[in-house]
Amino acid sequence: ILMQHAASFNSSLAISPMCHYSLFRSGGQSELQTKEIQGRSLRYLVVEPDGYSPDTRFPVVMLMHGYGASMADLASLSPAISRDGYVFIYPNGPIEVQIGPGMAGYSWIPRDSSDSQNDWDRTDRMIEGIIEDVIQVYKVAPGDMVLGGFSQGGMMTYRVGLLKPDIFAGLIILSGKVSEPEAIRQNLQKCSSQAIFVAHGTSDTMISVRNARESLEFLESEGYEPEYHEYPMGHEITQELLDDLVPWLKRVLVPGARA
């Protein structure tokens with residue numbers, strides 16, 4: 001699997017109530033079935049475990065896309081991580097953006113805003129609305145979720161996830177950074193035991209690896225001990241990264257049905 005965050009990647013894909021995407025995996029091709037849900041605040045895709053039954057609880061992994069992409073952008077990570085261990089949730093950013101002639105993607109906040117703090121806060125509340133929906137629908141126990149995101153989605157993960165250690169056992173930051181660290185610091189609950197996985201490319205030209213290192217310094221200054229990785233890559237997700245991420249995730253959030 002090699003996923004590059006390009007403005008056109010899956011951004012104009014039409015999503016129907018029940019969608020099928022053909023994914024290439026080692027050993028052949030398989031189909032991934034997703035469901036689109038209109039939540040109270042945002043749309044999102046759900047990928048349920050193979051053989052899922054509503055009577056059985058599973059841990060939840062929620063991943064947020066980057067600027068100019070959509071909720072479909074990261075969905076193909078599901079089988080690469082686990083086909084039967086988690087419920088995966090992929091929220092859709094609330095703001096439509098034009099990324100090319102006749103092509104639209106989505107963003108979590110406006111790119112150019114004169115009221116950025118209110119924009120951040122509004123999006124925070126929308127994401128919190130999805131979290132509440134998912135907890136209710138899938139009967140998620142406290143601490144049986146992991147929140148993550150790529151690029152701008154990683155920025156949102158820092159903003160929302162660090163403030164909710166009781167809900168999220170861990171956070172996944174892929175090619176992201178801490179935005180407005182002082183605002184986050186003021187609201188931290190001082191739960192530095194929360195597990196955090198950070199991955200960044202040394203050749204990333206969209207969010208510099210320097211930003212990732214500064215974010216690492218912020219986390220360590222607050223007592224966190226993140227698992228931090230740099231890779232010889234750009235703004236993307238590679239198999240090498242997944243080879244590190246998947247074992248980390250399975251340690252932090254054990255896959256499989258809950259009693």
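Hydrogens, waters and symmetry mates play no part in the numbers below; they use all other heavy atoms, side chains included. Sequence positions, counted from 1, serve as the residue numbers for this chain.
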Tyr231 vs Asp244, test: side-chain hydrogen bond (donor to acceptor under 3.5 Å, both in side chains). Steps then yes/no. CA-CA 11 Å; Tyr231 302 92; Asp244 291 327; 2.7 Å; yes
Within the 4.5 Å heavy-atom criterion, are Asp166 and Pro142 side-chain neighbours or not? no
Would you call Lys139-Asp55 a salt bridge at under 4.0 Å N-O? no
From the list Ile37, Val134, Val60, side-chain contact (heavy atoms from CB on, under 4.5 Å) partner of Val46 resolves to Ile37
Using the ring centroid of each side chain, check whether His235 and Phe150 are separated by less than 6.0 Å. yes
The side chain to side chain donor-acceptor pair (under 3.5 Å) partner of Ser107 among Gln152, His65, Glu96 is Gln152
Please give me the minimum heavy-atom distance between Gly129 and Arg40, naming the atom from each residue. O-NH2, 3.5 Å
Test item: His200 side-chain N/O and Gly234 main-chain N/O as donor-acceptor pair under 3.5 Å: no
With the threshold set at 4.0 Å, does a side-chain nitrogen-carboxylate oxygen contact exist between Lys35 and Glu48? yes
Decide yes or no for Leu77 and Ile237: does some side-chain heavy atom of the first lie under 4.5 Å from some side-chain heavy atom of the second? yes
Would you call Arg125-Glu128 a salt bridge at under 4.0 Å N-O? no
Is there a donor-acceptor pair under 3.5 Å between the side chain of Ser78 and the backbone N or O of Ala75? yes
What distance separates Tyr228 OH from Ile173 CD1, expressed to the nearest 0.5 Å? 12.0 Å
Report yes if the side chains of Pro91 and Ile127 come closer than 4.5 Å at any heavy-atom pair, otherwise no. no
Close side-chain approach of Phe58 and Ser82, heavy atoms under 4.5 Å: no
Quick one: sort the Tyr90 and Phe88 rings into parallel, tilted or perpendicular, breaks at 30° and 60°. parallel
Residue pair Val146 / Phe197, side-chain heavy-atom distance below 4.5 Å: no
How about Leu219 and Ile196: do any of their side-chain heavy atoms sit closer than 4.5 Å? yes
Ser175 side chain to Glu236 side chain, donor-acceptor N/O pair below 3.5 angstrom: no
Separation of Leu174 CG from Ile172 CD1 (nearest 0.5 Å): 6.5 Å
Supply the atom-to-atom distance Met233 CE to Asp204 CG, rounded to the nearest 0.5 angstrom. 7.5 Å
Tell me, with the steps shown, if Val178 and Met155 meet side-chain contact (heavy atoms from CB on, under 4.5 Å). CA-CA 6 Å; Val178 173; Met155 295 164 64; over 6 Å; no
All heavy atoms of Pro49 vs all of Val87, minimum pair found to be CD-CG2, 3.8 Å
CA sep, side-chain torsions, deciding dist, call: Ile135, Met145, side-chain contact (heavy atoms from CB on, under 4.5 Å): CA-CA 9 Å; Ile135 289 173; Met145 293 181 70; 3.9 Å; yes
How close do Ser215 and Tyr158 get, counting heavy atoms only, and between which atoms? CB-OH, 4.0 Å
Please round to the nearest 0.5 Å and tell me the distance separating atom CZ of Arg122 and atom CD1 of Ile95. 8.0 Å
Do we see a donor-acceptor contact under 3.5 Å between the side chains of Tyr138 and Gln136? no
Side-chain heavy-atom pair Met156, Thr123 within 4.5 angstrom cut-off: yes
Assess the residue pair Lys177 and Glu214 against the criterion (salt bridge (Lys or Arg N to Asp or Glu O under 4.0 Å)); give the C-alpha distance rounded to whole Å, side-chain angles, the decisive distance to 0.1 Å, and a yes or no. CA-CA 8 Å; Lys177 66 177 182 179; Glu214 291 171 351; over 6 Å; no
Check for a donor-acceptor pair, side chain of Gln194 on one end and backbone N or O of Phe168 on the other, with a separation under 3.5 Å. yes
Taking 4.0 angstrom as the limit, do Arg213 and Glu217 come out as a salt bridge? no
Work out which heavy atom in Leu163 is nearest to a heavy atom in Asn187; give both atom names and the distance. CD2-O, 3.4 Å
Roughly how far, to the nearest 0.5 Å, is the CD1 atom of Ile89 from the CE atom of Met64? 12.5 Å
Could you check whether any side-chain heavy atom of Glu225 comes within less than 4.5 Å of a side-chain heavy atom of Ser192, counting everything from C-beta outward? no
Working to the nearest 0.5 angstrom, can you tell me the gap between Thr157 OG1 and Met62 CE? 10.0 Å
Could you pull out all donor-acceptor pairs under 3.5 Å where a side-chain atom in residues 247-259 meets a protein atom, sequence neighbours excluded?
| from | atom 1 | to | atom 2 | distance (Å) |
| --- | --- | --- | --- | --- |
| Arg251 | NH2 | Glu227 | OE1 | 3.2 |
| Arg258 | NE | Asp144 | OD1 | 3.4 |
| Arg258 | NE | Asp144 | OD2 | 3.1 |
| Arg258 | NH1 | Val254 | O | 2.7 |
| Arg258 | NH1 | Gly256 | O | 3.0 |
| Arg258 | NH2 | Asp144 | OD1 | 2.8 |
| Arg258 | NH2 | Val254 | O | 2.7 |

